[in-house]
Protein chains: 2
Amino acid sequence: MTETKIRNMEEFAALSGISRPTLSKYFHDPESVRASTRARIEQALEVYDYRPNIFAMNQNRKLTKNVGIVVPYLADPFFAEIARNMEQRCFDAGFRPTLYSSHGQQHLENDILDSLRSLKPAGVLLAPLGRASDKNVIEKFCADVPTVLFDSNIEDIGEAFVGSDNFSFVSQTVEYLTRSGEPPCFFEMRTPANPNANKRRIAYLAMMEKLGFEPHVLKIDGEGWGFEEIGRQGALRILETNGFPTNTVLCSNDRLAIGLLSACYEKGLRVGRSEGSALRVASHDDHPFARFTCPSLTTAAHDYNSVSNCAFSTLSKLMEAGGRFSSRVETLFAARLVLRASA
Amino acid sequence: MTETKIRNMEEFAALSGISRPTLSKYFHDPESVRASTRARIEQALEVYDYRPNIFAMNQNRKLTKNVGIVVPYLADPFFAEIARNMEQRCFDAGFRPTLYSSHGQQHLENDILDSLRSLKPAGVLLAPLGRASDKNVIEKFCADVPTVLFDSNIEDIGEAFVGSDNFSFVSQTVEYLTRSGEPPCFFEMRTPANPNANKRRIAYLAMMEKLGFEPHVLKIDGEGWGFEEIGRQGALRILETNGFPTNTVLCSNDRLAIGLLSACYEKGLRVGRSEGSALRVASHDDHPFARFTCPSLTTAAHDYNSVSNCAFSTLSKLMEAGGRFSSRVETLFAARLVLRASA
DNA sequence: AATCTATTTTTACGCGCGAAAAATTTTTAT
DNA sequence: ATAAAAATTTTTCGCGCGTAAAAATAGATT
């Protein structure tokens, strides 16, 4: 590494003995130049430590190497974990990922998409807010920028969707719970933030009917993305009035279950599948904290890696295909049942 | 809003009847043009919906409006929450925040700083990994880019530090615990990830000495940022061998406490300040999940808002001051004791 | 109304790189 | 060895905006 500070590609071209346009090609895609030239460039690169100006590159290139990753609520470790995977995948593939969180608010989601647009991203991985999303805004965005939706589907918007097969989640939990004890009631928000919740309720109802049991859906009130607190308040209200209709509760998602478990603990209600427990609780998602709840939470787990890998590779294909698929692609991943102490 | 698509500032100048250099000034700082001109521009802006090309701007400006926010581990909702606050503050002040997480890994932290540098950011808010940080890399970065450190201090590096007064945290918890029951032992990692842990241990020892009690420090093994699991395993080992030396445990941080509580629950050990509890547990940070543990966690709370506000306003001053302070500024915030059920 | 000052306009150049076309070299195939 | 194909170099232009300097204009001052 010499001390020569290189100002631009012109200088680096002069010093390395390679023409500037060839260097430009190399930086755009190292594979696009002959192996021998590539070797010479990389050799020179070690000597001179030059890096192209990212703003000048992005200004002039029709397509940048930027990839936007947008999640609805980053304070949820579930999304943090998914985002981490996706970031890594983007980076490994030579893209520049940038992470955004809508923090549960429509105006932020809109702002993010707006500012993302001006970054001319090669592609975007977007987990919409869901119910709170401004569908028109998202649709317009997807029309302009190659976008793969994940986690929360919006019908016919975006070129592809990668998410979870909610029926697989619910059927496994319901099947297990009914087989090992009383059939569960279903614990959810009255106005859920995203469409997965609706699909899970429908799957619950279908499974219960199929198995010949009476379904019970408990809808609790609450707005926003503080699911734990909503679950807690909802459970407290139930425990202070009629109690749960069965001794087994299936929560729509783990964050609600975390709140519910804290309510049960406070009320002295023993939860678990062991002898002497008053209630069994199970849920869906395998939230990073599910193994640390008291008791640890039986849940249907996402395959975090598969979801993020698939979302990125779908986006990758989409970008290669010039931003359009002939038809919208939906990929759903099945759940893996994780048995812990709560049910 | 007309349908005319404007390609560049030149066109917008022609259509709005304002010269391009004046527009350039306006976009750099709206206050820098005469009020009447500003009004004309903003009026035209509503008609034509033009936005300057961000890459061209950043390429030519000496200083961009980019601000980097770097946290060590985004899957920790504590950092997610801090980052959310900071993002908002940046945005409100007309900057473009970009969020990065080192995910607990040195090479990622280095990569982030490296790629951040090429974004020519006006300033950076950096919470270093701590022990795992490559101090030389961070020092060099801070020499080039106006940087305010937060959460985790590194001596003499960066122009300023904003964090918490660990003594305030620990003195409050120790004082409360000793006043209301047995003096606590201190539960921490043998090789903590960041310097706050060391300061907390020292504060614990000082407080215990001052109050005339025998200190007990329990050091548990484990590497990485999965604190809950480390806390859990450490607690299980203790419970399976000698047990805790006192009936009161003070954890270095809430994430360890979450793991510890799950271990206690599994072992059937009743935790709380109520009658019939075998153990009291308290901690520090007021992690977003601390209110949902079983029992809910007594802890010393950060003032999230103050920390993020102060960090940003410090950075703001730093940027206005041209990137250098005459002397390094450290701002520490006191804790607020939050009494819940665990102690 | 004349003068002064702050602001805007005009003009011109530069930033660092992408991209296209034509000329040249190297590689591969025959 | 030679022709054809592929890769590279040269040349030239353009992107959208920042910025500097000089000229023109608006507003404020007396």
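Protein chains get the first letters and strands the later ones, always in sequence-line order, with residue 1 at the start of each.
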### Message
Quick check on C:dG18: is either OP1 or OP2 less than 4.0 Å from any side-chain nitrogen or oxygen of A:Arg61?
### Response
yes
### Task
Could you tell me whether A:Thr64 contacts a base, only the sugar-phosphate backbone, or nothing, with contacts defined as non-hydrogen atoms closer than 4.0 Å?
nothing
### Message
Closest-nucleotide mapping onto DNA chain C: is A:Arg7 or A:Ser36 further toward the 5' terminus? I mean the 5' end.
### Response
A:Arg7
### Task
Output the distance between atom CG (B:Asn58) and atom CD (A:Gln59), rounded to the nearest 0.5 Å.
10.5 Å
### Message
Side chain of B:Lys62 only, heavy atoms from C-beta on: which candidate in D:dT9, D:dT19, D:dG14 is closest?
### Response
D:dT19
### Query
If you look at every strand shown and take non-hydrogen atoms under 4.0 Å, does B:Pro21 touch a base, only sugar-phosphate, or nothing?
base
### Query
Do B:Phe141 and B:Thr147 have side-chain heavy atoms sitting under 4.5 Å apart?
yes
### Message
Let me spell it out: for each of B:Met57 and B:Arg34, pick the nucleotide of DNA chain D with the closest heavy atom. Which residue's pick is nearer the 5' end?
### Response
B:Met57
### Task
Report yes if a side-chain nitrogen or oxygen of A:Thr37 is closer than 4.0 Å to either non-bridging phosphate oxygen (OP1 or OP2) of D:dT8; otherwise report no.
yes
### Query
Do any side-chain nitrogens or oxygens of B:Thr22 fall under 4.0 Å of OP1 or OP2 in C:dT8?
no
### Message
Is A:Tyr50 close enough to C:dC17 that one of its side-chain N or O atoms is under 4.0 Å from OP1 or OP2 there?
### Response
yes
### Task
Would you mind telling me which of D:dG16, D:dG18, C:dT10 lies closest to the side-chain atoms of B:Ser19?
C:dT10
### Message
Check the orientation of A:Trp225 and A:Tyr73. Use parallel for under 30°, tilted for 30 to 60°, and perpendicular for over 60°.
### Response
parallel
### Task
From the options C:dC17, C:dG16, C:dT8, select the nucleotide whose nearest atom is closest to the side chain of A:Gln59.
C:dG16
### Spacing of A:Ile18 atom CD1 relative to C:dT26 atom C1', expressed in whole Å
15 Å
### Query
Just to confirm, is there a sub-4.0 Å distance from OP1 or OP2 of C:dG18 to any side-chain nitrogen or oxygen of A:Ser24?
yes
### Query
Considering only heavy atoms from C-beta outward, does the side chain of B:Asn194 approach that of B:Asp151 to under 4.5 Å?
yes
### Task
Take A:Arg20 and B:Val33, find for each the nucleotide of DNA chain C with the closest heavy atom, and name the residue whose nucleotide sits nearer the 5' end.
B:Val33
### Main-chain N/O of A:Ile157 paired to A:Glu139 side chain as donor or acceptor, under 3.5 Å
no
### Task
Measure from CG on A:Asn53 to P on D:dG16 and round the result to the nearest Å.
17 Å
